[in-house]
Colleague: 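Supplied in structure tokens, the structure appears directly below.
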Amino acid sequence: KVNVEFATVKDRGTVDMRVWERGAGPTLACGTGACATLVSSVLNGLTDRSASIRLKGGDLFIEWSEKDNHVYMTGPAAVVYTGSVQDV
């Protein structure tokens, strides 16, 4: 019952990441997981403070700013599902 990211550091600016989310199994992406992956990679000396995190759902560019200590995520947004809710 946990969300987990599996990451492979390709070089100081690129990380491949896969996501397993509790209750759902493998998913295409996870923004918070990508941010956490970058921060943990920096803290372990594996990447620079900005890197491309490559996910099945698309690449995200993550930056951990030294100036304000905030983590910034840049990437595409896309509709992957539509649905409706009906009263029962």
Side-chain angles (χ1 to χ4, degrees):
K1 296 187 178 186
V2 67
N3 292 356
V4 65
E5 285 73 41
F6 300 94
T8 302
V9 176
K10 295 304 206 177
D11 56 48
R12 296 199 60 80
T14 311
V15 179
D16 288 343
M17 188 182 104
R18 298 297 177 261
V19 182
W20 179 275
E21 294 197 31
R22 69 179 170 269
T27 60
L28 297 176
C30 177
T32 53
C35 292
T37 295
L38 184 272
V39 170
S40 65
S41 296
V42 171
L43 292 175
N44 284 287
L46 301 172
T47 64
D48 297 331
R49 293 183 73 96
S50 60
S52 176
I53 309 297
R54 301 188 309 194
L55 303 122
K56 287 203 177 259
D59 295 353
L60 294 172
F61 180 77
I62 310 296
E63 178 186 5
W64 184 17
S65 171
E66 282 189 87
K67 181 179 178 182
D68 61 14
N69 201 38
H70 291 174
V71 178
Y72 296 95
M73 175 176 54
T74 304
V79 176
V80 295
Y81 180 80
T82 60
S84 62
V85 177
Q86 299 176 353
D87 286 334
V88 218

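Numbers here are sequence positions counted from 1.
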Colleague: What verdict does the side-chain hydrogen bond (donor to acceptor under 3.5 Å, both in side chains) test give for T27 and E21, after you've listed the backbone C-alpha separation in whole Å, the side-chain angles of each residue and the deciding distance to 0.1 Å?
Modeller: CA-CA 7 Å; T27 60; E21 294 197 31; 3.2 Å; yes
Colleague: V19, F6: one ILVMFWY side-chain cluster at the under-4.5 Å cut-off?
Modeller: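 Cluster IDs for V19 and F6 differ.
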Colleague: Using 0.5 Å steps for rounding, measure from the CD1 atom of I53 to the SG atom of C35.
Modeller: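 Spacing of CD1 (I53) from SG (C35) equals 8.5 Å.
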Colleague: By the definition side-chain contact (heavy atoms from CB on, under 4.5 Å), identify the one residue from F61, Y72, W64 that meets it with S50.
Modeller: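 Exactly one pass, corresponding to F61.
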Colleague: Output the distance between atom CG (D48) and atom CD (E63), rounded to the nearest 0.5 Å.
Modeller: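 Answer for the CG-CD pair, D48 versus E63, is 11.0 Å.
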Colleague: Between R54 and D59, does any NZ, NE, NH1 or NH2 come within less than 4.0 Å of an OD or OE carboxylate oxygen?
Modeller: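 R54 and D59: not salt-bridged.
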Colleague: Are any of the side-chain heavy atoms of V15 and T37 separated by less than 4.5 Å?
Modeller: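 V15 vs T37: side chains touch.
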Colleague: Roughly how far apart are H70 NE2 and S65 OG, rounded to 0.5 Å?
Modeller: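 Those atoms lie 8.0 Å apart.
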Colleague: When you look at R22 and V2, which way does the side chain to side chain contact (heavy atoms under 4.5 Å, CB included) test go after all the steps?
Modeller: CA-CA 5 Å; R22 69 179 170 269; V2 67; 5.6 Å; no
Colleague: What I'd like to find out is whether the side chain of V9 reaches to under 4.5 Å of the side chain of S41, using heavy atoms alone.
Modeller: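 A side-chain contact under 4.5 Å exists here.
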Colleague: Can you name the nearest heavy-atom pair linking G75 to L60, along with the distance?
Modeller: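 Minimum heavy-atom separation between G75 and L60: CA-CD2, 3.9 Å.
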Colleague: Let me confirm one number: the CE-CD1 distance from M17 to I62, rounded to the nearest 0.5 Å.
Modeller: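 Here the rounded value is 8.5 Å.
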Colleague: Quick one: OG1 on T47 to CG on D11, what's the gap to the nearest 0.5 Å?
Modeller: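 The distance works out to 9.5 Å.
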Colleague: Within the structure provided, determine whether E5 and C30 are in side-chain contact (heavy-atom separation under 4.5 Å).
Modeller: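 Yes - at least one pair of side-chain heavy atoms lies under 4.5 Å apart.
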Colleague: When rounded to the nearest 0.5 angstrom, what distance separates CG in L28 from CG in L55?
Modeller: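 Between atom CG of L28 and atom CG of L55 there are 9.0 Å.
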Colleague: Of the non-hydrogen atoms in N69 and R49, which two are nearest, and what is the gap between them?
Modeller: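 So the two residues come closest at OD1-NH2, 4.4 Å.
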